[in-house]
S.K.: 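Let me begin by handing over the structure; questions about it come next.
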Amino acid sequence: MDGSLLECLNPLCLWGTESATDGLGLPPLRLVGGVDISFVKGDPKAACASLVVLSFPEMKVVYENFEMVELTLPYIPGFLAFREVNFLVALLDRLRAQQPELLPQLIFVDGNGVLHQRGFGLASHLGVLVDIPTIGIGKTIFHVDGIDMNHVKTMVVPKLSHSGATAKLVGISGREWGAALRSTEDSTNPVFISVGHRISLDHAIRITKTSCLHRIPEPVRQADLRSRQYLRDHPYSSGVAK
DNA sequence: GCGACAG
DNA sequence: ATCTTGTCGC
């Protein structure tokens, strides 16, 4: 992120970098969200849905909320959104009703956006439902259009020579599905970025790089860490919130 | 039909 | 997602 005026000349740029110099009347990006769902050890249905909001680019947590939920649908690759999205929407609706001033301008999701068989993964699904831009973050590659672990290992990872390096994920059809990012110097395994909703891949990449203090972008990482902490601090009885 | 498969 | 020991490093 160089914060130059040039990057803001891109019509797809959603936010300015300096409130007084973006030159487009766009508000600067100041609040980014992260969502995740952590599961209880033995019970495959009991889980904790979490939403955190961090200041950008400082990456300090300014809001957190958790909700014990009971998953009804099973996990089926390609259908993750149907299993988890409603719980995430509920958390955002609550924030919008109680503290709208803290609503994130962008949400990092622990799941893919358009990097999906039908081009509409959890990140895209959530973005549309809450009408907020989203970026999909995958920790493992989701096989689609010829892009698989073998392809990533032989054609993508070798290109990631340094921290911050990215390589677009292009399928055999020629379609651009997302990008692999080496988020830190020691991260041999990249994270996979894909457009969720109302953002371009190039901007998603720039913002994600700025949000990485560790391999996993801080918003998603904090949502994960804190939801697990919540489960440790709140023993469950019958499996649902109590 | 068989195998692979985000979280 | 979760199951799990040790280990390298700040």
Side-chain angles (χ1 to χ4, degrees), chain A residues 33-52 66-89 91 107-129 134-154 156 163 169 171-172 175 177-181 183-197 201 204 208 213-217 219-232 235-236 239:
Chain A
V35 292
D36 185 39
I37 291 185
S38 291
F39 296 78
V40 174
K41 311 177 196 173
D43 193 333
K45 289 188 173 182
C48 174
S50 67
L51 164 63
V52 297
F66 311 96
E67 177 76 68
M68 286 306 298
V69 300
E70 178 173 8
L71 284 294
T72 56
L73 303 178
Y75 166 65
I76 299 175
F79 297 87
L80 178 64
F82 295 94
R83 172 172 157 84
E84 303 187 347
V85 79
N86 288 339
F87 303 113
L88 303 179
V89 171
L91 287 172
I107 303 170
F108 280 92
V109 181
D110 69 324
N112 301 312
V114 301
L115 177 45
H116 177 273
Q117 299 97 312
R118 292 169 295 286
F120 203 77
L122 174 61
S124 312
H125 210 129
L126 176 66
V128 169
L129 295 182
T134 57
I135 292 177
I137 299 296
K139 295 182 285 296
T140 62
I141 191 62
F142 194 19
H143 300 188
V144 59
D145 194 19
I147 300 172
D148 56 17
M149 185 177 77
N150 176 58
H151 176 269
V152 170
K153 220 175 169 184
T154 61
V156 180
S163 172
L169 296 172
I172 55 178
R175 175 169 172 172
W177 297 89
L181 163 70
S183 41
T184 64
E185 196 54 53
D186 49 282
S187 296
T188 292
N189 320 306
V191 289
F192 304 96
I193 302 168
S194 62
V195 165
H197 184 55
L201 178 59
T208 300
L213 277 49
H214 302 282
R215 186 174 87 100
I216 306 301
V220 169
R221 180 167 173 273
Q222 286 302 322
D224 177 67
L225 290 173
R226 291 168 187 248
S227 59
R228 286 202 226 182
Q229 179 66 55
Y230 184 90
L231 286 178
R232 286 197 292 276
Y236 64 103

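All of these numbers come straight from a predicted model, not from anything done at the bench. Chain identifiers are assigned alphabetically (A, B, ...) following the order of the sequence lines, protein sequences preceding nucleic acid strands; residue numbering begins at 1 within each chain.
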S.K.: Just call it for A/Phe39: base, sugar-phosphate, or nothing, with non-hydrogen atoms closer than 4.0 Å on any strand.
M.R.: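 Sugar-phosphate only.
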
S.K.: May I have the distance from A/Arg228 (atom CZ) to C/dA1 (atom P), rounded to whole angstrom?
M.R.: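 The answer, rounded to whole Å, is 7 Å.
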
S.K.: Angle class for the A/His125/A/Phe120 ring planes (parallel below 30°, perpendicular above 60°, tilted otherwise)?
M.R.: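 Geometry flag for A/Phe120 against A/His125: tilted rings.
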
S.K.: When you compare the side chains of A/Gln229 and A/Arg232, does any donor N or O come within less than 3.5 Å of an acceptor on the partner?
M.R.: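 There is such a pair (donor and acceptor under 3.5 Å, judged by atom type) between the side chains of A/Gln229 and A/Arg232.
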
S.K.: Which part of the nucleic acid, if any, lies within contact of A/Phe82, taking any heavy atom under 4.0 Å across all strands shown: a base, the sugar-phosphate backbone alone, or nothing?
M.R.: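 Counting heavy atoms under 4.0 Å across all strands, no contact is made by A/Phe82.
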
S.K.: State which of B/dA6, C/dA1, B/dG7 makes the closest approach to the side chain of A/Phe142.
M.R.: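 Of the candidates, B/dA6 comes closest.
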
S.K.: In terms of side-chain heavy atoms of A/His143, which of B/dC5, C/dT2, B/dA6 is nearest?
M.R.: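 Nearest to the side-chain atoms of A/His143, counting from C-beta on, is B/dC5.
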
S.K.: Looking only at side-chain atoms of A/Lys41, point me to the closest of C/dC3, B/dG7, B/dA6.
M.R.: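 The answer is C/dC3.
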
S.K.: Going by heavy atoms in the side chains, are A/Phe192 and A/Val152 under 4.5 Å from each other?
M.R.: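 When only atoms from C-beta onward are counted, A/Val152 and A/Phe192 do touch, with a gap below 4.5 Å.
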
S.K.: Nearest-Å distance, CG (A/Asp36) to C1' (C/dT2)?
M.R.: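 Distance, rounded to whole Å: 13 Å.
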
S.K.: In whole Å, what is the span from the CD atom of A/Glu185 to the P atom of C/dC8?
M.R.: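 Atom CD in A/Glu185 sits about 21 Å away from atom P in C/dC8.
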
S.K.: Counting any heavy atom closer than 4.0 Å, what does A/Gly121 reach on the DNA or RNA strands: base, sugar-phosphate only, or nothing?
M.R.: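 Counting heavy atoms under 4.0 Å across all strands, the contact made by A/Gly121 includes a base.
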
S.K.: Within the pair A/Lys139 and B/dA6, is there a side-chain N or O less than 4.0 Å away from OP1 or OP2?
M.R.: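 False: A/Lys139 side-chain N/O out of range (4.0 Å or more) of B/dA6 OP1/OP2.
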
S.K.: Mind checking if A/Leu122 touches a base, just sugar-phosphate, or nothing, with heavy atoms under 4.0 Å?
M.R.: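 Touches a base.
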
S.K.: For A/Ser38 and A/Cys48, indicate whether the former's side chain and the latter's backbone hold a donor-acceptor pair under 3.5 Å.
M.R.: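 No; zero donor-acceptor contacts below 3.5 Å.
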
S.K.: State the CH2-CG distance between A/Trp177 and A/Leu169, to the nearest 0.5 angstrom.
M.R.: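 Rounded to the nearest 0.5 Å, the CH2-CG separation comes out at 11.0 Å.
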
S.K.: Would you please confirm or rule out a distance under 4.0 Å between OP1 or OP2 of B/dG7 and any side-chain N or O of A/Thr140?
M.R.: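 For B/dG7, OP1/OP2 do have a side-chain N/O of A/Thr140 under 4.0 Å.
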
S.K.: When all nucleic acid strands are considered with a 4.0 Å heavy-atom cut-off, which category describes A/Gly78: base, sugar-phosphate, or nothing?
M.R.: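 The residue A/Gly78 makes base contact.
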
S.K.: Classify A/Asn112 by what it touches in the nucleic acid, base, sugar-phosphate, or nothing, heavy-atom distance under 4.0 Å.
M.R.: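 Here A/Asn112 touches the bases of the nucleic acid.
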
S.K.: Rounding to a whole Å, what distance do you find between A/Ile147:CD1 and B/dC5:C1'?
M.R.: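 Going from A/Ile147 (CD1) to B/dC5 (C1'), I get 14 Å.
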
